[in-house]
Asker: 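Here you go, one structure.
Convention: sequence-line order gives letters A, B, ...; per-chain numbering from 1.
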2 protein chains.
Amino acid sequence: MNYDSLKLENQVCFPLYVCAKEVINKYRPLLDRFDLTYTQYITMMVLWETSPIISKELCRKLYLDSGTLTPLLKKLECKGYITRCRDNDDERNLVVCITEKGMALRDEIISVPESVRSCIPVPDEDLQQLYVILYKILEKL
Amino acid sequence: MNYDSLKLENQVCFPLYVCAKEVINKYRPLLDRFDLTYTQYITMMVLWETSPIISKELCRKLYLDSGTLTPLLKKLECKGYITRCRDNDDERNLVVCITEKGMALRDEIISVPESVRSCIPVPDEDLQQLYVILYKILEKL
DNA sequence: CAAAATTAAATTGTATACAATTAATTTATA
DNA sequence: TATAAATTAATTGTATACAATTTAATTTTG
């Protein structure tokens, strides 16, 4: 039998998985200073754009479920970056609001994207192409 | 201040992270039948190609550390797919060998790559491009 | 309107991931 | 050659991820 399809080098998912991991690892030392993990960081990104926001919406935008977000949001609350409270109109919903401290974090963290970019020494065109293909796939999934 | 660089839509890492997660999620129902996780599956892929292999080499090929691999290998051993023993020449090294049962698994699992491929309805050219860019980045990291 | 169905967050359990440390072994060196 | 340095797995601790279940609230429906 021909087992070529089961070779690691013939997989697209493997470099995708490794690349995502390794790029996220580049964020770690940069985000450590702010006591944030990568997942907490992208959560803050949504909140800098949209606050207040319902937890369900946050889950949808971040492609995460409540099992992941519930403890993460509690941690961000402990750090003082967000508040969590129930929606009066529908008590099932959790309303997440960014705090002043959370909003202020944006100014401090502004240099992170550029720092990460400098860790990935490939041309802009490659990253642009990568971006387009990834969203093309995400749309179809 | 201009905060565009902190918008989720302007990140390359975010779709990379989500895409990797979502594609791996496509493997889940397919691998469940074999009682394997994605990480266990790619570990088996290395072993189908190379056995015996030193744990250190396995770590290097999979971009994982011993904190992740040690418990994973113990699980694969419990399932009867591999054996773990020390290298007589250098007792620090852990030698991982595939078992007959592990080798037989390859024939059963052969259809998985095609099944996953069919879950990602984009042209081959896109995946080919993706593959090239991802390895280009990995080489530089 | 009351019961059933639906929805959303939280909880529980399992499996990664990785940093930091520890323990055992081997290699280098004074 | 005895000790220091280096190497490798394993361990410990923290933080995701996600499936499955539970709980509480809301909506639908008979």
Asker: Rounded to whole angstrom units, what separation is found between the CG atom of A:Leu72 and the C1' atom of C:dA9?
Answerer: 14 Å

Asker: Would you please confirm or rule out a distance under 4.0 Å between OP1 or OP2 of D:dT16 and any side-chain N or O of A:Lys75?
Answerer: yes

Asker: Any heavy-atom pair between the side chains of B:Leu130 and A:Leu134 that's under 4.5 Å?
Answerer: yes

Asker: Within the structure, does a side-chain N or O atom of B:Thr68 lie under 4.0 Å from either OP1 or OP2 of C:dA17?
Answerer: no

Asker: Strictly below 4.0 Å: does B:Arg86 bring a side-chain N or O up to OP1 or OP2 of D:dA10?
Answerer: yes

Asker: Taking atom P of D:dT8 as reference, at what distance in whole Å does atom CG of B:Asp65 sit?
Answerer: 14 Å

Asker: Can you tell me which nucleotide in C:dA9, C:dT26, D:dA9 comes closest to the side chain of B:Ile54?
Answerer: D:dA9

Asker: Tell me whether the guanidinium CZ or amine NZ of B:Lys21 lies under 6.0 angstrom from the six-membered ring centre of B:Tyr17 and within 45° of its axis.
Answerer: yes

Asker: Looking at A:Lys79, I'd like to know if its NZ atom is crowded, meaning that more than 12 non-hydrogen atoms belonging to other residues, nucleotides or ligands lie closer than 6.0 Å.
Answerer: yes

Asker: Is B:Arg84 close enough to D:dA10 that one of its side-chain N or O atoms is under 4.0 Å from OP1 or OP2 there?
Answerer: yes

Asker: Taking 4.0 Å as the cut-off, does a side-chain nitrogen or oxygen of A:Asn25 come that near to OP1 or OP2 on C:dC18?
Answerer: yes

Asker: Compute whether any side-chain donor of one residue and acceptor of the other, for A:Tyr3 and B:Asp107, lie under 3.5 angstrom apart.
Answerer: yes

Asker: Determine: side-chain N/O of B:Tyr63 to OP1/OP2 of C:dC18, distance under 4.0 Å, yes or no.
Answerer: no

Asker: Considering only NZ, NE, NH1 and NH2 on the basic side and carboxylate oxygens on the acidic side, decide whether B:Glu77 and B:Lys74 come within less than 4.0 Å.
Answerer: no

Asker: From C:dA9, C:dT16, C:dT26, pick the nucleotide closest to the side chain of B:Arg92?
Answerer: C:dT26

Asker: Among C:dT11, D:dC18, D:dT7, which is the nearest nucleotide to the side chain of A:Lys74?
Answerer: C:dT11

Asker: Tell me: CE of B:Met44 to P of C:dT16, nearest whole Å?
Answerer: 13 Å

Asker: Roughly how many Å is it from CG in A:Asp90 to P in D:dT23, rounded to a whole number?
Answerer: 20 Å

Asker: What's the CZ-P distance between B:Arg60 and C:dC18, to the nearest Å?
Answerer: 16 Å

Asker: Taking OH from B:Tyr17 and P from C:dT16, how many angstroms apart are they, rounded to a whole number?
Answerer: 17 Å

Asker: Would you mind reading off the distance between B:Asp87 atom CG and D:dA10 atom C1', rounded to a whole angstrom?
Answerer: 17 Å

Asker: For C:dT16, does either OP1 or OP2 sit under 4.0 Å from a side-chain N or O belonging to B:Thr37?
Answerer: yes

Asker: Does B:Ser66 make a side-chain N or O approach to OP1 or OP2 of D:dT8 shorter than 4.0 Å?
Answerer: no

Asker: Side chain of B:Leu94 only, please: which of D:dA10, D:dT16, C:dT16 is the nearest?
Answerer: D:dA10

Asker: Could you please name the option among D:dA9, C:dT26, C:dA17 that lies closest to any side-chain atom of B:Glu91?
Answerer: C:dT26

Asker: Which nucleotide in the list C:dT16, D:dT16, D:dT11 gets nearest to the side chain of B:Thr39?
Answerer: C:dT16

Asker: Compare side-chain N and O positions of B:Lys21 against OP1 and OP2 of D:dC18 and report whether any pair is under 4.0 Å apart.
Answerer: yes

Asker: Whole Å only: how far is the CG atom of A:Leu58 from the P atom of C:dA9?
Answerer: 9 Å

Asker: Between A:Gln40 and B:Ser55, which residue's closest nucleotide on DNA chain D lies nearer the 5′ terminus?
Answerer: B:Ser55

